[in-house]
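Shown next, in structure tokens, is the structure this report addresses.
Letters go in sequence order (proteins before strands), and every chain restarts at 1.
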Amino acid sequence: MAEVTQRFGPFGGRYVPETVIAALDELADAYQRLRDDPGFRGELEGLLGAYVGRPTPLYRARRLGEAYGIGRLYLKREDLCHTGAHKINNALGQVLLARRMGKRRIIAETGAGQHGVATATAASLFGMECCVYMGRLDMRRQRLNVIRMKMLGAEVRPVDAGTGTLKHATSEAIRDWVTNVEGTHYVIGSAVGPAPYPEIVADLQRVIGDETREQILAEEGRLPGTVVACVGGGSNAIGMFRAFLDDAEVAIVGVEAAGDGIGTGRHGASLSVGRPGVLHGSYSYLLQDDDGQVAEAHSISAGLDYPGVGPQHSHLRDTGRVRYEAVTDAEALEAFSLTCGTEGIIPALESSHALAVLAREGRVMDAAGPVVVCLSGRGDKDVDQASAALGIDV
Amino acid sequence: MSDGAARIAAAFPADRAAFIPYVMGGFPDVAASLAHARAIGPHADVLEIGIPYSDPLADGPTIQAAGQRALDAGTRPGDVLEMAEELRGGPPVVLMTYVNLLMAAGPRAFFERAARAGVAGMIVPDLPIDEGDDIRDAAARAGVAMVPLAAPTTTDRRMAMIGRRAAGFTYLVSVAGVTGGELEVGEALRRFVERARRAVDTPLAVGFGIRTPEQAAAIGAFADGVVVASQLIRMIEASPDPRACGPELAAYAERLQDALRAARNVPPGS
């Protein structure tokens with residue numbers, strides 16, 4: 001059994017209070033034992049099929065492709081997953097893992113609320129107690145998901161610290177875990193956090209890329225020229241990218257949130273303009289000031305409104321295997337509207353960032369062959385915010 | 001043994017547990033926190049000073065809020081190092097902060113500056129014993145003791161590693177949790193201290209959740225030191241004048257030190 005990866009180049013590690021180290025060791029041991037266990041895999045794959053609705057389609061978006069100057073544009077439809085985003089792939093896997101470890105209580109952090117909903121769903125499915133930490137601002141801008149979590153039986157604990165966004169919710173979830181480490185499993189929602197979380201989350205999301213690879217080969221008889229995904233913490237992206245990292249002919253692009261614009265300082269582009277440092281237990285690129293105080297991120301998308309990023313993305317940035325770009329709120333909104341209008345699909349604001357990079361690069365990408373974009377989630381949760389930003393009258 | 005480790009070890013009294021109060025640098029502002037440290041100093045054996053950090057994972061609401069207020073008041077790490085320098089001649093100063101501030105400054109530059117300010121030791125709650133060898137090396141070269149933390153959940157194997165690497169003293173986290181929570185002084189805590197004693201040669205100080213002289217005395221009967229942090233911050237917050245409550249803090253520190261003396265049957269004032 002392969003050991004669970006702790007570092008990606010210099011990035012990753014376990015910069016957390018000593019109190020939770022034993023729990024991280026326990027988690028790494030359990031995952032190492034179970035990741036290839038036929039019983040565990042069978043249970044997870046059964047649920048991914050019958051409950052989540054996998055495999056999700058790889059859909060050829062002709063009209064959107066035309067608008068971007070791309071002949072063969074494909075969308076990996078993670079928005080069609082049960083609960084509306086890729087987050088359920090990870091939440092189900094981790095809750096199954098927690099059950100096998102004998103944990104009775106589940107906690108999670110959430111930004112856009114998709115991970116919170118996915119975790120509340122998995123906890124409900126297995127009759128486990130669930131508590132989700134969410135920043136006060138995010139609760140306001142993603143109200144629909146707060147209601148869903150409560151309906152699913154989860155307790156949603158508001159976090160008032162700082163700007164009331166994902167960074168603060170994550171810190172509060174970690175503090176809960178430090179305090180209740182015995183009996184509680186912390187379902188981290190992105191490919192971030194102390195080892196072994198980034199590896200576990202990437203592994204559980206890898207189904208996105210594995211399916212895509214098979215589907216594009218069946219459809220096109222070749223690998224894509226370019227694969228694109230949005231990056232906040234980076235879980236949908238790493239799940240997609242991992243299946244193509246060894247294929248040198250596939251260009252891979254991660255898209256961060258440039259918020260109001262990189263120059264304004266109000267953004268979430270840690271890989272584009274951050275420096276390496278430690279946030280939430282791992283060493284990775286980070287938005288911080290000269291002293292090392294972690295900066296606040298800004299994005300119209302609650303899921304990308306995070307000053308850190310998963311450690312493997314930092315490594316892929318430094319090795320040059322993945323190119324990271326950043327698009328503004330305005331560009332993302334434009335892609336959101338265009339996708340609604342051409343394809344009858346309302347994408348999440350997070351996923352709209354991945355689409356937005358096509359407006360800049362579509363024609364160049366088209367020359368390299370089919371383009372695959374991970375449509376990580378649906379935009380129902382964003383309709384209030386997007387309609388306000390787009391000036392839609394009701 | 002580094003210079004800092006020797007100074008810390010010498011500061012632990014032979015006949016009673018050491019009192020280690022905590023002051024958040026820059027709370028409510030830099031001048032006031034320096035005045036508080038000076039007021040407490042005569043009744044402290046080792047002085048712990050926090051450098052405020054934006055994302056303090058190991059801290060409960062009280063220290064979080066104090067740190068945020070210090071940051072809002074514009075406190076920077078350099079200000080706290082200057083504070084330490086001003087406190088030379090008093091009890092040895094141990095700084096407490098999070099690893100990202102050390103990385104941002106560069107460990108070598110940070111520890112050289114700290115050593116010049118007379119800092120004896122460093123507590124970094126998000127740097128467990130098997131992380132950050134480069135940081136430990138930089139501290140050792142500068143003569144600053146890296147004080148490790150051990151928790152009730154620490155395995156015997158890790159406790160042995162802590163024993164091999166500990167310098168100055170070892171900080172035993174009283175309960176699984178963050179700073180300032182509820183603490184029950186009982187058999188479990190005593191057994192935890194005994195377990196650490198078998199693996200670690202440095203003095204053992206217990207912290208997290210200690211509020212009253214009675215609790216301190218109960219712990220001081222079997223541990224080598226007690227750290228009091230959140231309680232002092234609560235007193236500052238509750239004071240009618242948080243910038244001039246030095247006398248109240250001094251009186252509390254004196255009561256606490258007396259309680260530690262009584263716990264080992266040493267007459268007060270001796």
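Relative orientation of the Phe169(B) and Phe12(B) rings is tilted, given thresholds of 30° and 60° on the angle between their planes.
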Show the numbers, then the answer: is there a side chain to side chain donor-acceptor pair (under 3.5 Å) between Asp318(A) and Tyr285(A)? CA-CA 10 Å; Asp318(A) 279 7; Tyr285(A) 277 86; 2.7 Å; yes

Salt bridge (Lys or Arg N to Asp or Glu O under 4.0 Å) evaluation trace for Arg190(B) with Glu194(B): CA-CA 6 Å; Arg190(B) 180 192 294 269; Glu194(B) 280 168 8; 5.1 Å; no

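A donor and an acceptor atom, one from each side chain of Tyr306(A) and His280(A), are located under 3.5 Å apart. A donor-acceptor pair shorter than 3.5 Å cannot be found between the side chains of Asp176(A) and Tyr186(A).
For a residue to count as touching a neighbouring chain, one of its non-hydrogen atoms must lie under 4.5 Å from one of that chain's; by this rule Pro56(B) touches chain A with backbone and side chain alike. Contact annotation for Glu182(A): neither backbone nor side-chain heavy atoms come within less than 4.5 Å of a heavy atom of chain B. Neither the backbone nor the side chain of Leu102(B) has a heavy atom closer than 4.5 Å to any heavy atom of chain A. Using a 4.5 Å cut-off between heavy atoms, Gln64(B) touches chain A through its side chain atoms alone. Heavy atoms closer than 4.5 Å to chain A are found in the backbone of Ala150(B), but not in its side chain. For Val99(B), the part lying near chain A is the side chain, with the backbone staying farther off; criterion is any non-hydrogen pair under 4.5 Å.
Contact count against chain A (heavy-atom pairs under 4.5 Å) is highest for Leu101(B) among Leu101(B), Leu71(B), Asp130(B), Val124(B). Annotation: maximal heavy-atom pairing with chain A below 4.5 Å, among Met103(B), Arg158(B), Gln68(B), Arg76(B), occurs at Arg158(B). In terms of heavy-atom pairs under 4.5 angstrom with chain A, the leader among Asp126(B), Asp59(B), Thr154(B) is Asp126(B). No other option in Leu279(A), Val181(A), Ile21(A), Asp25(A) has as many heavy-atom pairs under 4.5 Å with chain B as Ile21(A). Contact count versus chain A (heavy atoms, under 4.5 Å) is highest, among Gly132(B), Pro152(B), Ala104(B), for Ala104(B).
Side chains of Glu182(B) and Arg211(B) form a contact here, defined as non-hydrogen atoms less than 4.5 Å apart. Two residues are said to be in side-chain contact when any heavy atoms from C-beta on lie closer than 4.5 Å; Ser33(B) and Met24(B) fail this criterion. A heavy-atom distance below 4.5 Å is found between the side chains of His115(A) and Glu109(A).
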